[in-house]
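Structure record follows, encoded as structure tokens.
Predicted model only: the values in this text are computed from it and were never measured. Below, each value reflects all heavy atoms present in this structure, side chains not excepted, and no hydrogens, waters or symmetry copies.
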Amino acid sequence: MLQFTNDNKSFTTDDSSIEIQEVLKNLNLDSKKNIAAKLNGELFDLSRVVNFGGAVEPVTADTEEGLEILRHSTAHLMAQAIENLYPGTHFGIGPAIKDGFYYDVDLNGAALTEEDLPKIESEMRKLSGKAEKITREDLSKEAALEFFKARNDPYKTELINEIDAPTVSIYKQGDYADLCRGPHVPDTSKIHNFKLLSLAGAYWRGNEKNKMLTRIYGTAFATPDELKNYLKRMEEAKLRDHRKLGRDLDLFSLHEEGPGFPFFHPKGMAIMNTLIDFWRREHIKRGYQEIKTPQILDRELWLKSGHWDHYRDNMYFTEIDEKPFAVKPMNCPGGILVYKTQLRSYRELPMRMAELGLVHRHERSGVLHGLMRVRCFTQDDAHIYCEPSQIRDEVIKIMDLDKYVYNDVFGFKYSVELSTRPENSMGSEEQWNAAENALREALESTNTPYHVNAGDGAFYGPKIDFHLEDCIGRTWQCGTIQLDFQLPERFEMTYIGEDGKEHRPVMLHRTILGSLERFLGILIEHYAGAFPYWIAPVQIKIIPVSNDHMQYAKELFDNFINAGLRVEVDYREEKLGRKIRDAQLQKIPYMLVIGDKELENKNISVRERSKGDLGSMSLDDFKNLLSQEFNPIH
């Protein structure tokens, strides 16, 4: 006898095997919106037969779990359509991902372009209209291998050979079959609101030595309006693409001679330096001391830190005097060496050491993306060495700084995530439990909403991550707080306690902006290149009407430069309308037009980027206007 429950409802049956769909019907939970179900917290297909009871609940496409199932099913529908249109195609991996799905396909010599995507979409809609039932079949590993060998499918057979289980599951719809854990929607008619988005190259299993496959990206939603709104945001994102705006605004460039290594132009450096000035000011106010450590350090240091074992594939190496060295991917081991140069006392703790450290990490060429994914970047690092009793207060102080920077200064909303122990980690369970509890206590004592990302901590400790939401709803992980008991142990770090004995400090790794390069990319897209006055690379553009007004424009330029403002003069012999339009396209906050009247009265005609013409005013009145602009540096 099996018993199923849902809140205050229950259903008992003598049937020792029953479909989940039947259970829902008997609990009056049947609905056309249902695409799957959960039994004792585990996801199942609606047609799945079970021989045990428990708590059951329906899953609809408008939930997080349901949307993932819908998107995974849409990836299968796309693969079925491609198989119909391009016979002989083989399929790699096709998961649901954030905001959509992808599938890696081997087209057996055929080539796809983005112009082919509507044709695939059309075939998908035909298959959706057929309402083909999606069925699961559990096979022995040997039978599954025979099945896919008969289909001459090298990718699925490779995956099956690596599965450490006696049975595997296959999902079928029409003539299409795929190796998959599931679950999936009941039939193809449940898949309506989808769009194929783009193509990319992807090596099989992410290995550059393997064959390059075609990766097809798409998305799917529960409702037409959600899909429409998402596509609208995507169009807006294209207009805000930091790579295009970076070129248009002359901020940075990327070159084949240095793939993944961005080149910053004067205007880009103006923003970077302003960010750094702001960063330094805030850190000095909060008791941080700035250090600088070398970029190349002996391999032995990285062996000792654990990076050699846990991060070697992402590192660059060199030799000096026939000894192996590594280019630093992180700043922490160098900071530890600075700490260890003196005998430390409990009176010095917490010791807050900050570093704008240039780090290098190997990224595959296929994942490089403007400033968002690079091979070298400046990390606004800090390492705090403290007593265990000081952890809570230090974490709270970091979270206060995060709130000020993200929300008060840049206007980002943000969410918080606690990441716990990963499989590939150092240290004892006791240490990890203590570290995770310390971070939880800091979050909960400040009533900070957070969710847990199980198993995604750093190899040396758990962490709190901060995800910023930009003006079109995208999220970006920037800041992090990582609690580390491991490196102080490995490096035998000590301080003299109040009792006169040696004690082990606790180490907090912390970033606010994260990668400065990536943060700049986020700002470019968040503001669509129209930076706030205080951080704009050019704050004022002086526009003389003719050569007669050049000398006065130069006098104004010198005045503003001496006041510490970023200003340019448009010396071109162009029409006034063209000069104003170009300054507007460069998204410069203020434009000062200098003509005969302005020269005669020694005043200026002011235009603001979004408000337009502000009229004539004296230089003092204009400076007073600028003094009212938000500027966290002054």
Side-chain angles (χ1 to χ4, degrees), residues 1-76 94-98 101 133-141 144 159 163-173 178-187 190-191 220 222 417-423 429 432-433 436-437 440 449-457:
M1 183 174 289
L2 304 179
Q3 184 177 40
F4 300 90
T5 61
N6 177 271
D7 292 335
N8 59 348
K9 302 173 185 176
S10 66
F11 162 62
T12 304
T13 178
D14 291 328
D15 194 346
S16 61
S17 58
I18 185 171
E19 281 191 2
I20 293 283
Q21 180 70 56
E22 287 301 312
V23 175
L24 293 176
K25 285 179 182 177
N26 281 281
L27 289 169
N28 295 319
L29 296 172
D30 192 27
S31 169
K32 290 183 178 179
K33 291 185 177 181
N34 295 345
I35 62 169
K38 290 171 79 172
L39 178 57
N40 298 329
E42 185 179 353
L43 288 165
F44 285 88
D45 302 294
L46 291 177
S47 60
R48 188 80 174 271
V49 175
V50 295
N51 57 10
F52 58 92
V56 66
E57 59 181 297
V59 175
T60 56
D62 56 2
T63 64
E64 184 176 344
E65 291 169 317
L67 190 55
E68 184 174 347
I69 292 169
L70 176 68
R71 287 171 172 167
H72 194 180
S73 299
T74 311
H76 278 222
I97 56 174
K98 178 178 167 53
F101 60 88
K133 191 174 181 182
I134 300 174
T135 59
R136 175 189 173 106
E137 188 175 346
D138 291 312
L139 301 176
S140 69
K141 188 173 176 180
L159 292 172
I163 294 174
D164 185 20
T167 61
V168 299
S169 55
I170 292 174
Y171 280 81
K172 296 180 179 179
Q173 56 199 65
D178 205 346
L179 175 71
C180 188
R181 286 194 300 259
H184 283 282
V185 299
D187 63 72
K190 297 288 186 182
I191 307 169
E417 180 178 83
L418 173 63
S419 297
T420 57
R421 186 178 189 175
E423 290 184 12
E429 185 175 349
W432 274 86
N433 288 340
E436 289 174 9
N437 289 336
R440 278 196 181 92
Y450 71 96
H451 73 273
V452 176
N453 186 6
D456 200 45

Within the side chain of [X], is there an N or O that forms a donor-acceptor pair under 3.5 Å with the backbone of [Y]?
X: T420; Y: G455; answer: yes
X: S73; Y: V185; answer: yes
X: N40; Y: A55; answer: yes
X: K141; Y: I163; answer: yes
X: S10; Y: T5; answer: no
X: N34; Y: A36; answer: no

**Asked** Looking at D178, L139, D138, L179, which one forms a side-chain contact (heavy atoms from CB on, under 4.5 Å) with S169?
**Response**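 Running side-chain contact (heavy atoms from CB on, under 4.5 Å) over D178, L139, D138, L179 with S169 returns exactly one hit, D138.
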**Request:** Mind listing the closest non-hydrogen atom pair of P422 and G457 along with its distance?
**Result:**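 In terms of heavy atoms, the two residues are closest at CG-O, 3.3 Å.
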**Contact summary for L24 and E57, nearest pair of heavy atoms** = CD2-C, 4.4 Å
**Request:** Using the test ring pair (Phe, Tyr, Trp, His ring centres under 6.0 Å), find all partners of F44 that sit at least two apart in sequence or belong to another chain.
**Result:**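 Counting only residues at least two positions away or on another chain, F44 forms no ring pair (Phe, Tyr, Trp, His ring centres under 6.0 Å).
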**Message:** According to salt bridge (Lys or Arg N to Asp or Glu O under 4.0 Å), does anything in residues 23-48 pair up with another residue at least two apart or in another chain? List the pairs.
**Reply:**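 Checked against salt bridge (Lys or Arg N to Asp or Glu O under 4.0 Å) - neighbours excluded - the pairs reaching residues 23-48 are E22-K25, K38-E65.
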**Request:** Dump the intermediate steps for side chain to side chain contact (heavy atoms under 4.5 Å, CB included) on F11 and L29, then the final yes or no.
**Result:** CA-CA 11 Å; F11 162 62; L29 296 172; over 6 Å; no
**Plane angle bin for H184 and H76 - parallel if under 30°, tilted between 30 and 60°, otherwise perpendicular** = tilted
**Prompt:** Would you call R421 and E436 a salt bridge, taking side-chain N to carboxylate O under 4.0 Å as the test?
**Reply:**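 Salt bridge absent between R421 and E436.
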**Message:** Show, in sequence, the C-alpha distance, side-chain angles and deciding distance for I191 and L70, and conclude whether the side chain to side chain contact (heavy atoms under 4.5 Å, CB included) test is met.
**Reply:** CA-CA 7 Å; I191 307 169; L70 176 68; 4.2 Å; yes
**Message:** Under the criterion side chain to side chain contact (heavy atoms under 4.5 Å, CB included), I'd like the reasoning laid out for I20 against L39: C-alpha separation, chi angles, the key distance, then a yes or no.
**Reply:** CA-CA 8 Å; I20 293 283; L39 178 57; 4.1 Å; yes
**Request:** Decide side chain to side chain contact (heavy atoms under 4.5 Å, CB included) for L418 and N453; before the verdict, give the C-alpha distance in whole Å, the side-chain angles of both, and the deciding distance to 0.1 Å.
**Result:** CA-CA 6 Å; L418 173 63; N453 186 6; over 6 Å; no
